[in-house]
Amino acid sequence: MITPLTPDSLKLGAERLATIDPDLGRLHQRLGPPPLWEREPGFATLIKIILEQQVSLKAAHTMYQRLHKYLGETSPSSMIKAGEAGLRSMGLTRQKARYCCGLAERIHSGELCLEQIDTLRDDLGRKALLAVTGLGPWSVDIYYLMALRRPDVWPQGDLALAVALQEVKGLSAPATREEQKTLTQLWSPWRSVAARMLWLHYLDARGDNPFPTNASE
C-alpha cells in the first residue's frame, strides 16, 4: 500500500520540488510548504466533491452546509430517504441530486464499498469510483489526492491549476492538458505536493483563504 502524505512528508516533498524546479523553488521561498488540505475519506467527502464541480468553492460550501442541516447527517441512508426531490428542494440541480442519490444507492446496496477503495490497487479503486455516475476523472483525482492523500496525483481538468501554471511558468494562456502532462512529469513522485503548492499560489495571488479548488469535468 502507498504511504499517504503526512505533514512531514509534505514538507519533504515541497523541499525536493523546490530543488528541481526553480519556479516551484521561488514559490516555496515566498510561501513555504503548502497546507495538507486533507479530507476524511468516505461518503460525505465525495458528496462535497460532487457539489464543487463547476461552481465556486464558496457556493459549494454553502450548499453542503444547507444540505447537511436538512439531512441531519450526510449518510447514504439519509440521502436515500430525502430522495432527489428533497435534494432539489435544498437547491441542488436536477443533475447533482441524481448524482448524489446514485452514489448513496450504490453504497447502501453494497455495490460500492468506500472502506475497501484505499486497500485496492489504484487502478482498481479508480475504476470502481469512475463507475459511479457523476464521478469523473477530476473528482476521483481529488478524492485520491486529498482524502486518500496519495503523493503523486495530478488532477487533470483543474481550472485553478491551469491558471496557476500559466502564472508560475509564464505561459500565454492557462496550461492545456498536454502542457500540464509535460510540465508535471519532472515532479513525480510528488505531483500531489506540487498541486498543493500551486493551489496555494493561486489563492495567495487572489487574497483568498486557503481551500481546495473546483474544476470542470
Side-chain angles (χ1 to χ4, degrees), residues 35-120 122 124-150 153 155-163 195-196 199 202-203 206 208-217:
L36 185 57
W37 277 317
E38 62 182 313
R39 300 190 182 190
E40 186 70 25
F43 177 72
T45 286
L46 281 173
I47 293 299
K48 290 177 184 177
I49 291 172
I50 289 173
L51 296 181
E52 289 169 2
Q53 295 168 1
Q54 301 178 318
V55 301
S56 71
L57 291 173
K58 183 177 181 180
H61 179 71
T62 299
M63 179 60 65
Y64 179 79
Q65 293 299 111
R66 185 187 308 156
L67 183 62
H68 182 75
K69 183 177 180 180
Y70 172 74
L71 296 175
E73 62 173 359
T74 307
S75 67
S77 58
S78 66
M79 194 75 68
I80 292 170
K81 183 178 179 180
E84 292 185 30
L87 301 188
R88 291 184 62 199
S89 73
M90 289 294 101
L92 270 69
T93 63
R94 182 187 300 273
Q95 184 180 60
K96 289 192 176 182
R98 179 166 55 87
Y99 291 167
C100 290
C101 285
L103 173 63
E105 288 166 359
R106 275 182 177 260
I107 294 174
H108 186 72
S109 69
E111 187 175 355
L112 175 66
C113 180
L114 293 181
E115 289 77 11
Q116 292 181 353
I117 295 295
D118 194 20
T119 65
L120 294 174
D122 280 8
L124 296 178
R126 287 176 178 276
K127 184 178 180 180
L129 291 175
L130 287 169
V132 179
T133 301
L135 295 182
W138 175 84
S139 297
V140 174
D141 284 344
I142 293 297
Y143 189 77
Y144 267 80
L145 189 151
M146 291 184 169
L148 302 185
R149 289 180 283 131
R150 294 292 199 266
V153 177
Q156 286 285 354
D158 191 281
L159 302 179
L161 290 180
V163 172
R196 287 172 168 86
W199 275 326
Y202 181 89
L203 294 169
R206 288 152 183 81
D208 206 350
N209 291 324
F211 201 72
T213 188
N214 64 320
S216 172
E217 300 231 49

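Numbers here simply count residues along the sequence, with the first being 1.
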Between atom [atom1] of [X] and atom [atom2] of [Y], what is the distance when rounded to the nearest 0.5 Å?
X	Y	atom1	atom2	value
Arg126	Leu135	CZ	CG	12.0 Å
Arg66	Ser89	CZ	OG	10.0 Å
Leu114	Leu103	CG	CG	6.5 Å
Met90	Tyr64	CE	OH	15.0 Å
Asp122	Leu148	CG	CG	8.0 Å

Are any of the side-chain heavy atoms of [X] and [Y] separated by less than 4.5 Å?
X	Y	result
Leu161	Gln156	no
Leu57	His61	no
Asp118	Arg150	yes
Lys96	Met63	no
Leu145	Arg196	yes

Would you say [X]'s side chain and [Y]'s backbone share a donor-acceptor pair under 3.5 angstrom?
X	Y	value
Thr119	Gln116	yes
Thr74	Ala44	no
Arg98	Glu84	no
Tyr143	Pro41	no

Do you know which two heavy atoms are closest between [X] and [Y], and how far apart they sit?
X	Y	result
Phe43	Ser75	CE2-C, 3.4 Å
Arg206	Val163	NH2-CG1, 3.4 Å
Gly134	Ser139	O-OG, 4.2 Å
Leu87	Ala82	CD2-CB, 4.2 Å
Cys101	Gly83	SG-C, 3.6 Å
Pro155	Val153	CD-O, 3.8 Å

- With Tyr99 as reference, evaluate Ile50, Ile47, Thr93 under the side-chain contact (heavy atoms from CB on, under 4.5 Å) test and give the passing residue.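 So, applying the side-chain contact (heavy atoms from CB on, under 4.5 Å) to Tyr99 and each of Ile50, Ile47, Thr93, only Ile50 qualifies.
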- Item | side-chain contact (heavy atoms from CB on, under 4.5 Å), paired with Val140, selected from Ile117, Leu130, Leu46 |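 Output: one option passes, namely Leu130.
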- Message: Check Arg106 with Glu111, please: is the shortest side-chain N to carboxylate O separation under 4.0 Å?
- Response: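 Salt bridge: yes.
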- Task: Could you give me the CA-CA distance, side-chain angles and deciding distance for Trp138 and Ile49, then say whether side-chain contact (heavy atoms from CB on, under 4.5 Å) is met?
- Result: CA-CA 9 Å; Trp138 175 84; Ile49 291 172; 3.9 Å; yes
